[in-house]
Student: 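Just passing along the structure, written as C-alpha cells.
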Amino acid sequence: MSEKRNTKRGGRERSLFDYMRKYDEKDLIKKSDENIVSSDVSSKDSGENIDKNVMIQTSKEETVRNTENIESRIIFIDKVEASPPPSLEEVSYAEDMYILDVAYEGSSGRAVVYLYDENDNKLKIYRDRSGHRPYFYVDIDPSRVKEILREDARYIIDVYRVQKIDLLRKKFVNRTKIVVTDPLSVRRLREKFQNYWEANIKYHHNYIYDMGIIPGLRHKIYNGSITPLYQTDLKKIEDEINRLFNEESEEVRKTAVSWYLLFEEKPPKIKRAAIDIEVYTPIKSRVPNPKTAEYPIVSIALSDVDGRNIVFILLREGIGSVDELKDLGSDVEIRVYSSERDLVLDFFNTIYDYPLIVTFNGDNFDLPYLYERSLRLGISKDFIPIVMKENHATFKHSLHIDLYRFFKNKSIQNYAMEGRYKEHTLDSIATSILGEGKLSREEGVGRMSIGKLARYNLRDAQITLKLTTFQDELIMRLIILIMRISKLGIEDVTRTQVSAWIKNLFYWEHRRNNYFIPNEKEIREIKSKKTTEATIKGKKYAGAIVIEPPQGVFFKVSVLDFASLYPSIIKRWNLSYETIDPAPGECNKTTDILDERGIKIHEVCLDSPGITSVIIGLLRDFRVKIFKKKSKDKNIDPSLRSWYDVVQRALKVYVNASYGVFGHENFPLYAVPVAESVTALGRMIITRTMEKAREMGLLVLYGDTDSLFLWDPEPEKLEKLRQWVLERYGLELEVDKEFRFVAFSLKKNYFGVYQQGGIDIKGLVGKKKNTPKFAKEAFNEILQKISGVEKPEEIVKVREWIKDLVHEIYTKLKNYEYTLDQLSFTVMLSKDVKEYVKNTPQHVKAAMMLIREGVQVSQGDNITFVKVRGKEGVKPIQLAKISEIDLDKYIEILRTTLEQVMLPLSIDWDEISGSVMKLHKFIS
DNA sequence: AACTGTGGCCGTGTAG
DNA sequence: CTACACGGCCACAGTT
C-alpha cells in the first residue's frame with residue numbers, strides 16, 4: 001500500500017542524485033561507521049528487556065526509567081524499526097478543508113489536491129475526478145493536427161475546435177485544443193507545430209486555473225467540481241464596495257467583491273514542526289556536501305507549534321557526558337542513540353505526525369543530506385519520507401516550506417518586512433526579526449560537546465519555528481494571503497519570486513475571463529514600438545526624473561509623495577499589453593501618452609478596461625482605500641486589525657512590484673511600450689506638478705521619481721497643490737515626511753532630521769554596507785551630533801566640534817590605532833570569479849588570493865579585504881597585517897565619507913586635513 | 001620600454 | 001525596472 005503510494009507521488013520526482021554513482025551499500029555503512037565512534041553504551045549491555053526499547057540513561061553508570069521530575073527528559077533509544085511514511089487519507093468529497101497545494105501525480109496521471117483539515121490537523125488528498133488532462137492550443141484545423149500527430153496517437157485524448165477571446169487582436173478566435181495523456185507529451189508534441197499557445201504552463205497550474213481553485217481558501221469538493229467556500233457576509237462587502245468604488249463600472253465592482261472575499265476569510269492554523277540537522281565535519285569551515293553525504297548526522301532537532309521540542313542526538317566518544325543534556329529545559333525531550341541509522345529512522349517516525357514541515361535551507365541542505373545519508377545507511381527508498389523534486393525537496397507525507405527561500409525573496413525582505421533584515425542567514429534574519437539569534441559557537445560541529453551541540457541544534461529549530469509564529473503567525477498568514485492572491489500552492493509560493501506570483505495571477509484571470517493566454521512571441525511582435533532612449537547606456541528605455549538638489553542645509557522641509565505613482569498611472573491611463581498602441585482601425589476611442597516634453601510617445605485604447613490596468617488598479621485601491629486604513633483603525637479589534645495589517649503588507653508586495661515585472665523582458669506579459677509609457681507619464685506628472693508649485697510660489701528643493709521636497713511651504717498653498725493634482729491627474733499627493741532640516745549633497749544623497757527627532761539617511765557612503773567600520777563610526781558620530789541641532793545658528797558650534805573629531809580620527813588612523821576589522825571592506829562577489837573577464841575588481845583580486853590559499857569562494861559570498869601598499873593593493877583580511885595597510889587610501893575613504901556630511905555644512909576637508917598633515921609630519 | 005594622465009567602462013550598492 | 005554615485009580598471013595617447 002505505502003509502496004504504491006510512494007511511487008505514485010514519485011512520478012514527478014527526479015532525484016538530484018540519479019546521476020551519481022551507485023554505491024556499494026555495505027561498503028558505505030562500514031565507511032560511515034569509521035566516523036561514528038560507537039559509544040560504550042551499546043545495545044548489548046543496555047536495553048534488552050526494556051519496553052519498546054526505551055530507557056533513560058542519565059550517566060554511564062546508572063540506567064533508570066523515565067521519570068518526570070528531572071529537568072529534561074532524556075531517553076536512550078536502542079533499536080528502531082523502520083516504518084514507511086503513512087499514506088495520506090484520500091477523500092472524494094470535502095466540505096470545509098483548506099486547499100494548500102496541487103501537484104501532478106505521475107503514477108495515476110492525475111492532479112492531486114492537498115487539503116488541510118482543521119478538525120483533525122491532518123493533510124489529506126483528493127485525486128481529480130473530473131477527468132481533467134493536460135492540453136495546449138494550435139492554430140491549425142483538427143484534421144491537419146491529427147495528421148501531424150499520426151504517430152503519436154496514443155498520447156492524444158482529444159482534438160477539437162475552441163473559441164475564446166484573443167485580447168491582443170481584440171476579437172474572438174478559433175483554435176484547436178489538443179488534449180493529451182500527460183504533461184510531458186505537451187512538451188514534446190508542441191514542437192511539431194510552428195505556433196502554439198499555453199503549452200509552457202505547468203500542469204498543476206493549469207489545473208488550478210481550470211477548476212477555479214484559490215489556494216489558501218476553504219473549498220467544497222463535490223462530484224468532481226471544486227468551489228471556494230466563503231463565510232464572509234456578502235451583503236456587507238457589496239455595500240462597502242459600492243460605496244468605495246462608486247466611480248467604477250459594474251464589472252469592476254463585481255470583480256472587486258470577489259477579490260475582497262480573499263482578504264476577509266480567516267486563515268487556517270496549520271500544525272507544523274521546524275526541523276534542523278547537524279552533521280559531523282572534521283574541519284570547522286567545511287560545509288558537508290549533501291550530494292555525497294559522507295559524514296554522519298550527529299544531531300537533529302525538532303520544535304513544533306504545540307510546544308514540543310525534541311533533540312535526536314548521537315552518542316559518540318569524546319563529546320562529554322550525557323549529564324550535560326540534563327538542563328536543556330523541562331519541555332525538551334532528548335533522545336540519545338548509539339546508532340546513526342536508529343536516530344534517522346526514529347526521526348522519520350516522529351515527523352509522520354506533521355502535515356507541514358518547516359526548515360531553513362532544507363531544500364539545499366537538510367533534506368537532500370538526510371535523503372542521501374539514509375541511502376548510505378542502507379535505508380530503503382520506501383522508508384525514506386523525502387522526495388527530491390526538480391527545484392526543491394519535500395516529503396511524501398507532508399508539505400515543506402523552506403524559509404531561507406521565502407525570506408530571500410526581495411519583495412518579502414523589502415516590502416513585507418520593510419527591510420528589517422539585510423542578510424539571508426538564519427542568524428541575521430532571526431536576530432533582526434525576533435531579537436534572538438543562533439547560539440554562538442567557536443568550534444565546528446565535530447568538536448562540540450554533547451550538551452553544546454544539543455543546545456545549538458535545538459535553538460536553530462526553535463528560531464526557525466518562531467519565524468513562522470511571531471506576531472500571531474504573521475509569516476504564515478502572509479503566505480496564505482499571497483497564495484490566495486497569486487493562486488499558487490504553498491510550496492510554489494514560498495519558493496518563487498514575485499514575478500511568478502504576478503504571472504500566475506494574470507494567467508488565472510485570463511482563464512477565468514475566457515481569454516487565450518498570449519504567448520511572449522506575439523506580444524513582442526505586435527507591441528514592440530519603442531520611442532524613448534535611456535539616460536544610462538545599455539538600458540532599454542527612459543526611466544524617472546531626479547532633480548538636482550542645491551548643496552546645503554535647509555530648515556523646515558516637507559516631502560510630498562504621490563501615493564503608489566506607477567500603479568496609479570497604470571490604472572488611470574488604462575495601460576495594459578493589449579490596450580497600448582492599438583492597430584489602425586481596431587479601436588474607437590484612444591488617448592495619447594505624452595511625456596514631460598509634451599511629445600506623444602504612444603497611444604492607448606479606451607474602448608474596454610485593460611486587464612493589467614484593472615487588476616493592478618484594484619490591488620492598489622484595496623490597499624490605499626481599505627486595508628491601510630483598517631490596519632490603523634483603533635475601533636477595530638486588535639487581532640482583526642493585525643490581520644488587516646498582514647493584508648495590507650501582502651498587497652504592498654504586489655503593488656510595489658507590479659511596474660517592475662512589467663518592465664522586465666523575461667516577464668511573459670512584458671511590453672516595452674507599456675513600461676516606457678508608465679515612466680514617461682511619471683516624468684510628465686512630476687514635472688507639471690513642480691512647475692505648478694513654483695508658479696504658486698512654493699520652493700522645490702529636490703525630487704526623485706515620485707517625491708517633491710518643499711522648503712518651508714505654507715499649508716494653504718500645499719493644500720491647493722494637492723487639490724490641483726487630484727483634479728488634474730486623479731492622483732493623491734500626500735505629505736509623507738516633515739523634516740526639521742535636510743542636508744543635501746548630491747542626487748540620491750542626503751540626510752534629514754525629522755521634526756520629532758530621528759535621522760533619515762539616503763545613499764550616503766557612510767550608510768553603504770561596503771564602507772569600512774572606522775569611517776562608518778565617524779560618520780554616525782557626526783550625524784548624531786548634527787541631529788541635535790534645532791536652529792540654524794547652532795550649526796556653527798557643531799562645525800567646531802566636527803573639526804575636532806575629524807582631527808582625532810585622522811590622527812588615530814595615521815598612528816595605526818584601528819584594527820584590521822575596522823578597516824576592512826566587505827563586497828559581494830556577484831558572479832563566479834572566473835566570470836570577471838573585462839575587469840578584475842579589488843574584491844575579486846582578494847577572492848583569488850583566498851582561492852590560492854585553498855579557501856572555497858563562490859558566487860554570492862561576501863569578500864572581506866583591506867587595502868594594502870604594493871602592486872596588488874588589496875589582501876583578504878585573513879592574510880593581511882596591520883602594518884601593511886595603505887594609509888592614503890584610508891584617508892581618501894574617510895574623506896569621501898565625511899565630506900558628504902560636511903560639505904552641506906560648508907566645512908572644508910582640506911582645511912582640516914591640511915593642518916593634521918602638517919602636525920603629523922612635524923611629529924615624525 | 002616605462003611612466004603618467006585621462007576618459008570611458010565595469011562593478012557594486014543604493015533610491016525610488 | 002532605470003537613475004545615480006563612487007572607486008578602480010583598462011586602453012590609449014603622449015612623454016621621458
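Order of the sequence lines fixes the chain letters, A, B, ..., with proteins taken first and strands second; residue numbering starts at 1 for each chain.
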Student: Less than 3.5 Å apart, any donor N or O on the side chain of A:Q822 or A:T819 sitting next to an acceptor on the other?
Tutor: yes
Student: Distance under 6.0 Å and angle within 45° of the ring axis: does A:K867 meet both against A:F825?
Tutor: yes
Student: For DNA chain C, find the residues of residues 649-667 of chain A with a heavy-atom distance under 4.0 Å and give them by number; none if there aren't any.
Tutor: A:Y659, A:G660, A:G663, A:H664
Student: With A:L167, which of A:I523, A:I611, A:T579, A:I517 fulfils side-chain contact (heavy atoms from CB on, under 4.5 Å)?
Tutor: A:I611
Student: What nucleotide among B:dG11, B:dG13, C:dC4 has an atom nearest to a side-chain atom of A:I536?
Tutor: C:dC4
Student: By the definition side-chain contact (heavy atoms from CB on, under 4.5 Å), identify the one residue from A:V678, A:L681, A:V674 that meets it with A:W573.
Tutor: A:L681
Student: Under 4.0 angstrom, heavy atoms only, what part of the nucleic acid is A:Y566 near: base, sugar-phosphate, or nothing?
Tutor: nothing
Student: Applying salt bridge (charged side-chain N to carboxylate O under 4.0 Å, His left out) between A:E732 and each of A:R620, A:R722, A:K628, A:K625, report the one that passes.
Tutor: A:R620
Student: Please walk me through it: do A:V498 and A:Y415 pass side chain to side chain contact (heavy atoms under 4.5 Å, CB included)?
Tutor: CA-CA 11 Å; A:V498 69; A:Y415 304 136; over 6 Å; no
Student: So, A:E578 and A:S576: side-chain donor and acceptor under 3.5 Å apart, yes or no?
Tutor: yes
Student: Honestly, is A:K503 close enough over A:F667, meaning NZ or CZ under 6.0 Å from the six-membered ring centre and within 45° of the axis?
Tutor: no
Student: Show the distances under 3.5 angstrom between N or O atoms of the protein and N or O atoms of nucleotides 3-6 of chain B.
Tutor:
none

Student: How is A:A544 classified with respect to the nucleic acid when contacts are heavy atoms under 4.0 Å: base, sugar-phosphate, or nothing?
Tutor: sugar-phosphate
Student: Answer yes if the side chains of A:N780 and A:E777 hold a donor-acceptor pair under 3.5 Å, and no otherwise.
Tutor: no
Student: Would you mind building the protein contact string for nucleotides 5-10 of chain C? One character per nucleotide, 5' to 3', B for base within reach (heavy atoms under 4.0 Å), S for sugar-phosphate only, - for untouched.
Tutor: BSSBSS
